[in-house]
Amino acid sequence: MRNRDGEPAEQPETDAERRRRRAQFLRDLAEARELRDRVQPRRAKAARLRHAMRMRTFRW
């Protein structure tokens, strides 16, 4: 088994490490979305309206 850098992995990562990496990824993703929304406000507004329409027509 090899890690991302191509080096052999000594031990499998723990759940805590995986959760920490996932949390960091989700923070970065949210930050990128906020930046994109600030840079492209018209597209962001259209996306919000599309999402609202999907939620309105969703049946439970």
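None of these values were measured; they are calculated from a predicted model.
- Residues satisfying the side chain to side chain donor-acceptor pair (under 3.5 Å) test with Glu34, not counting sequence neighbours, are none.
- Here Arg27 pairs with Gln24 under the side chain to side chain donor-acceptor pair (under 3.5 Å) rule; sequence neighbours left out.
- When hydrophobic side chains of Ile, Leu, Val, Met, Phe, Trp and Tyr are connected at separations under 4.5 Å, Phe25 ends up clustered with Leu26, Leu29.
- Within a 6.0 Å sphere centred on CD of Glu17, other residues, nucleotides and ligands contribute more than 12 heavy atoms.
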Taking only distance into account, with no hydrogens and no angle test, what donor-acceptor pairs under 3.5 Å do side-chain atoms of residues 42-56 form with protein atoms, sequence neighbours excluded?
| residue | atom | partner | partner atom | Å |
| --- | --- | --- | --- | --- |
| His51 | ND1 | Arg54 | NH2 | 3.2 |

